[in-house]
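Here is the structure we will look at, set down as structure tokens.
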Amino acid sequence: MKIIVTAGPTREPIDPVRFIGNRSSGKMGYAVAAAALRRGHSVVLISGPVAIAPPAGVKLRKVVTAREMLADVRSRLPWCDALVMTAAVADWRPAVCARMKIKKTGEGALLRLKPNPDILKAVAPRKGRRIFVGFAAETGRLRTEALRKLREKKLDMIVANDVGRPDSGFEAETNRVVLFSAGGEETQLPLMAKTKIAARIIKWIERRQSRGVMADNCACAERAESV
């Protein structure tokens, strides 16, 4: 298969030296890319700024902002069979980015924000038969929020985790996730290494792809019999 994986945070500039960001380390996304490579798939890894090396054999695309990531996903979507959106994309960006460093004055400052594009929603009209997997990093109402995002973003599966726990989520080597599929399956995984979760995700995508191929073959056979 041809798989796009997004990973890491995005940085939204306030001025030439400051930005809005988040704690995403990119470890989960890089683990998914590595797991896909081990299974023999072709992988494009679209990564925000991280401090880890990409897996050998991946085609790495470096981006910084949410809009840059969206543009790269859009341009490469026709190539892929599956999109795994693990990146922690900033929800907002400064309405104005100052051209010069903003000097502190000893007084408070107001920062006006505007929403960033939702990448999965933006590319949903072009989904076709591609498999879309999203991630939901939450600090409460995990199941409710994950199912809402699964439905609203027209995903095949969403991986939800509580990032408020010290042993999972951002920067940790382990994660504790629940997999929700559009078909109604719900699988709660115990605390495990992100590399093992990544392998589970890739195997799920492979099974989903196989079901689609089998359905296509059956449909072709039925049409041939009718002729």
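FYI, side chains are in, hydrogens and waters are out, and symmetry mates aren't considered; it's all heavy atoms of this structure.
Within a 6.0 Å sphere centred on NZ of Lys196, other residues, nucleotides and ligands contribute 12 heavy atoms or fewer. Around atom CD of Gln188, no more than 12 heavy atoms belonging to other residues, nucleotides or ligands sit under 6.0 Å away. Applying the 6.0 Å contact sphere to CH2 of Trp92 captures no more than 12 heavy atoms from other residues, nucleotides or ligands. The neighbour count for Arg76 CZ, taken as heavy atoms of other residues, nucleotides or ligands under 6.0 Å away, is above 12.
Here Asn22 pairs with nothing under the side-chain hydrogen bond (donor to acceptor under 3.5 Å, both in side chains) rule; sequence neighbours left out. Listed by chain and residue number, nothing satisfies the side chain to side chain contact (heavy atoms under 4.5 Å, CB included) test with Pro16 (two or more places apart in sequence, or in another chain).
Closest approach of Ile102 and Ala98 over heavy atoms only: CG1-CB, 3.8 Å. Here the closest non-hydrogen pair linking Gly57 and Leu37 is O-CD2, 3.8 Å. Taking both residues in full, the closest heavy atoms of Val123 and Arg74 are given as CG1-CG, 3.9 Å, listed atom of the first, atom of the second, then distance. The minimum heavy-atom distance linking Met100 with Asp15 is given by the pair O-CB, 3.7 Å. For Pro54 against Leu45, the heavy-atom pair with the smallest separation is CB-CD2, 4.5 Å. When every heavy atom of Leu120 is checked against every heavy atom of Gly134, the shortest pair comes out as CD1-CA, 4.0 Å.
Under the 4.5 Å side-chain contact rule for hydrophobic residues, Leu189 and Ile205 share a cluster. If you chain together hydrophobic residues whose side chains sit under 4.5 Å apart, Ile197 and Ile52 fall into the same group. When hydrophobic clusters are built by joining Ile, Leu, Val, Met, Phe, Trp and Tyr residues whose side-chain heavy atoms come closer than 4.5 Å, directly or via intermediates, Val159 is grouped together with Ile131. The cluster map of Ile, Leu, Val, Met, Phe, Trp and Tyr, joined by side-chain heavy atoms under 4.5 Å apart, puts Val177 and Phe170 in different clusters. Note on Val32 and Leu60: same hydrophobic cluster, where clusters join Ile, Leu, Val, Met, Phe, Trp and Tyr whose side-chain heavy atoms are under 4.5 Å apart, directly or indirectly.
Contact annotation: the side chain of Arg39 approaches that of Glu206 to within less than 4.5 Å [non-hydrogen atoms, C-beta and beyond]. Put simply, the side chain of Thr139 reaches to within 4.5 Å of the side chain of Val163, judged on heavy atoms. Residues Met157 and Arg208 are not in side-chain contact: their nearest non-hydrogen atoms beyond the backbone lie 4.5 Å or more apart. The closest side-chain heavy-atom distance from Thr174 to Met192 is not below 4.5 Å. Here the side chains of Asn116 and Asp91 are not in contact, with every heavy-atom distance at 4.5 Å or above. Taking 4.5 Å as the limit, every side-chain heavy atom of Ser181 sits out of range of all side-chain heavy atoms of Asp156. Side-chain contact check for Phe19 versus Glu12: every heavy-atom pair is 4.5 Å or farther apart. By the 4.5 Å heavy-atom criterion applied to side chains, Ile3 and Val44 are not counted as neighbours.
Between the CZ atom of Arg141 and the CZ atom of Arg148 there is a distance of 9.0 Å, given to the nearest 0.5 Å. Between the CG atom of Leu155 and the NZ atom of Lys127 there is a distance of 8.0 Å, given to the nearest 0.5 Å. Rounded to the nearest 0.5 Å, atoms OG1 (Thr144) and NZ (Lys149) are 12.0 Å apart. Here Ile202 contributes atom CD1 and His41 contributes atom NE2; the two are 6.0 Å apart, rounded to the nearest 0.5 Å. Summarising the geometry, atom OG belonging to Ser24 is positioned 10.5 Å from atom CZ belonging to Phe135; distances are rounded to the nearest 0.5 Å. Atom CG in Asp81 sits 5.0 Å away from atom CE in Met1 (nearest 0.5 Å).
Between Glu171 and Lys27 there is no salt bridge, since no side-chain nitrogen of the basic residue lies less than 4.0 Å from a carboxylate oxygen of the acidic one. Ion pairing between Arg61 and Asp72 holds under the 4.0 Å rule for side-chain N and carboxylate O. Between Asp167 and Arg176, at least one side-chain nitrogen of the basic residue sits less than 4.0 Å from a carboxylate oxygen of the acidic one, meeting the salt-bridge criterion.
Using a 3.5 Å distance cut-off with no hydrogens or angles, the side chains of Tyr30 and Ser25 do not pair a donor with an acceptor. Side-chain contact of Thr187 with Glu185: a donor-acceptor pair under 3.5 Å is absent, judged by distance alone. Side chain to side chain, Asn161 and Asn175 meet the donor-acceptor criterion of an N or O pair below 3.5 Å.
For the pair Lys203 (side chain) and Ala198 (backbone), a donor-acceptor distance under 3.5 Å is absent. With hydrogens and angles ignored, the 3.5 Å screen pairs no side-chain donor or acceptor of Glu138 with any backbone N or O of Ala146. Using modelled atom types, one side-chain atom of Lys194 and one backbone atom of Ala172 make a donor-acceptor pair closer than 3.5 Å. A donor-acceptor pair under 3.5 Å links the side-chain atoms of Arg130 to the main chain of Arg126, judged by distance alone. A donor-acceptor contact shorter than 3.5 Å is absent between the side chain of Arg11 and the backbone of Arg18.
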Could you list the donor-acceptor pairs under 3.5 angstrom formed by side chains in residues 82-90, with sequence neighbours left out?
unit_1: Thr86; atom_1: OG1; unit_2: Thr6; atom_2: O; d: 2.3

